Amino acid sequence: RRRRAPPPVKPQEEGVGLTRGDLMGSPLGSSLQLFSKLYKSRCTPFDNRFGWEAHAHAPTKWWSRVPPDEAVKIHFYNVPVATDATMANPLLAIKAAAKEEDYVVFKLDIDTPPLERAIVEELVTNHKGTNAYLLVDEFFFEYHFLTPKEPNLHRFWAKRRGGSLPDAMHVMYQLRQKGIRAHFWI
């Protein structure tokens with residue numbers, strides 16, 4: 001399919017909302033705020049945000065930090081991301097929530113390389129039939145790859161690393177061949 005270009009940067013008219021999707025595959029936190037501000041500053045505010053977090057949060061405390069006007073736009077799943085046929089699968093959430101005319105941004109950073117790679121594999125191959133690749137316009141991914149020349153580059157990844165720089169580049173190439181603007185996220 002022909003990919004949608006990001007909307008042109010122009011001031012929004014009062015009362016006119018653009019339909020945008022923001023499906024995040026990482027904990028709701030600073031990156032959610034970063035992406036929201038970044039896209040809003042380019043006149044592309046998100047009308048929905050989805051996020052998953054494996055670590056338990058007290059709902060009252062978590063939601064108390066969310067501004068009321070933003071709370072109606074956030075779908076927070078306090079469960080680990082999964083690849084099964086539940087809403088814990090971000091690709092199924094994309095399929096259920098997004099329409100072709102939506103501009104969908106998907107960030108995947110769950111620090112579990114085998115699970116991340118399974119999600120990316122489905123985005124590239126569509127072997128489970130999610131068709132999410134038809135809906136995702138922009139993709140940010142923290143690919144945990146080995147860097148032999150810089151072994152201490154990402155000490156946090158430690159045993160969570162896998163793959164290589166050529167593997168990471170190939171994945172991004174495949175995504176871009178599908179028409180998805182794919183970016184590394186660190």
Side-chain angles (χ1 to χ4, degrees), residues 1 3-112 115-116 119-120 122-123 130-142 156 175 179-186:
R1 82 177 172 95
R3 301 306 296 185
R4 293 174 302 284
V9 177
K10 62 181 181 182
Q12 249 185 282
E13 294 180 28
E14 187 67 33
V16 175
L18 300 173
T19 304
R20 301 287 176 250
D22 171 25
L23 293 114
M24 301 288 194
S26 71
L28 293 172
S30 61
S31 67
L32 181 65
Q33 294 168 1
L34 172 72
F35 278 88
S36 295
K37 287 178 183 176
L38 177 69
Y39 282 86
K40 187 176 182 179
S41 73
R42 287 159 175 77
C43 299
T44 309
F46 296 135
D47 65 353
N48 283 294
R49 295 177 194 96
F50 292 73
W52 291 260
E53 174 56 65
H55 301 289
H57 288 274
T60 304
K61 182 178 179 184
W62 192 90
W63 285 102
S64 71
R65 297 185 308 233
V66 179
D69 61 321
E70 292 295 316
V72 298
K73 301 174 185 179
I74 295 175
H75 307 270
F76 178 54
Y77 299 91
N78 203 175
V79 297
V81 167
T83 57
D84 59 7
T86 67
M87 287 305 282
N89 182 334
L91 298 181
L92 292 181
I94 290 170
K95 183 178 180 179
K99 299 182 286 283
E100 188 147 344
E101 62 268 17
D102 291 335
Y103 190 78
V104 177
V105 178
F106 177 31
K107 176 187 166 256
L108 180 62
D109 177 11
I110 54 175
D111 296 327
T112 309
L115 184 56
E116 288 174 328
I119 292 167
V120 171
E122 173 59 19
L123 196 55
T130 60
N131 292 324
Y133 76 95
L134 295 171
L135 298 167
V136 174
D137 296 287
E138 221 165 340
F139 180 61
F140 294 84
F141 179 37
E142 185 176 66
F156 173 75
L175 291 165
I180 299 170
R181 285 179 286 285
H183 316 281
F184 287 109
W185 174 264
I186 294 182

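Remember, predicted model here, so these are calculated numbers, not experimental data.
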Heavy-atom pair with the smallest gap, counting every atom of V104 and A98: CG2-CB, 3.7 Å
Listed once per pair and sorted, the salt bridge (Lys or Arg N to Asp or Glu O under 4.0 Å) pairs that draw on residues 72-81, sequence neighbours left out: E70-K73
Distance in Å, I119 CD1 paired with L108 CG, rounded so as to fall on 0.5 Å steps: 5.0 Å
Minimal non-hydrogen separation, P90 against A82, with atom names: CD-O, 3.9 Å
Under 3.5 Å donor-acceptor, N89 side chain and T86 backbone: no
Nearest-0.5 Å distance, NZ of residue K107 to CD of residue E138: 13.5 Å
Heavy-atom pair of closest approach, residues L123 and Y133: O-CB, 3.2 Å
Listed partners of L38 passing side chain to side chain contact (heavy atoms under 4.5 Å, CB included), at least two apart: R42
Residue pair F140, F35: steps toward the ring-ring contact (aromatic ring centres under 6.0 Å, His included) verdict: CA-CA 11 Å; F140 294 84; F35 278 88; 4.8 Å; yes
Pairing residues for H57 by the side chain to side chain contact (heavy atoms under 4.5 Å, CB included) criterion, not counting sequence neighbours: E53, W62, F76, N78
Minimum heavy-atom distance W52-A88, with the two atoms named: NE1-CA, 3.4 Å
Heavy-atom pair of closest approach, residues A96 and M87: CB-CE, 4.4 Å
Salt bridge (Lys or Arg N to Asp or Glu O under 4.0 Å) partners of residues 80-96, not counting sequence neighbours, each pair once: none
Side-chain heavy atoms of F106 within contact of L135, under 4.5 Å: no
Side-chain donor or acceptor of E122 paired with backbone N/O of L91 under 3.5 Å: no
Atom pair CZ (F141) and NE2 (H183), whose distance is rounded to the nearest 0.5 Å: 14.0 Å
Results of side chain to side chain contact (heavy atoms under 4.5 Å, CB included) for D69 - residues two or more places apart only: P67
D137 and V105, any side-chain heavy atoms less than 4.5 Å apart: no
A132 versus I94, closest heavy-atom pair with distance: CB-CG2, 4.4 Å
Set of salt bridge (charged side-chain N to carboxylate O under 4.0 Å, His left out) partners for K37, sequence neighbours left out: none
E116 side chain near D109 side chain, heavy-atom distance below 4.5 Å: yes
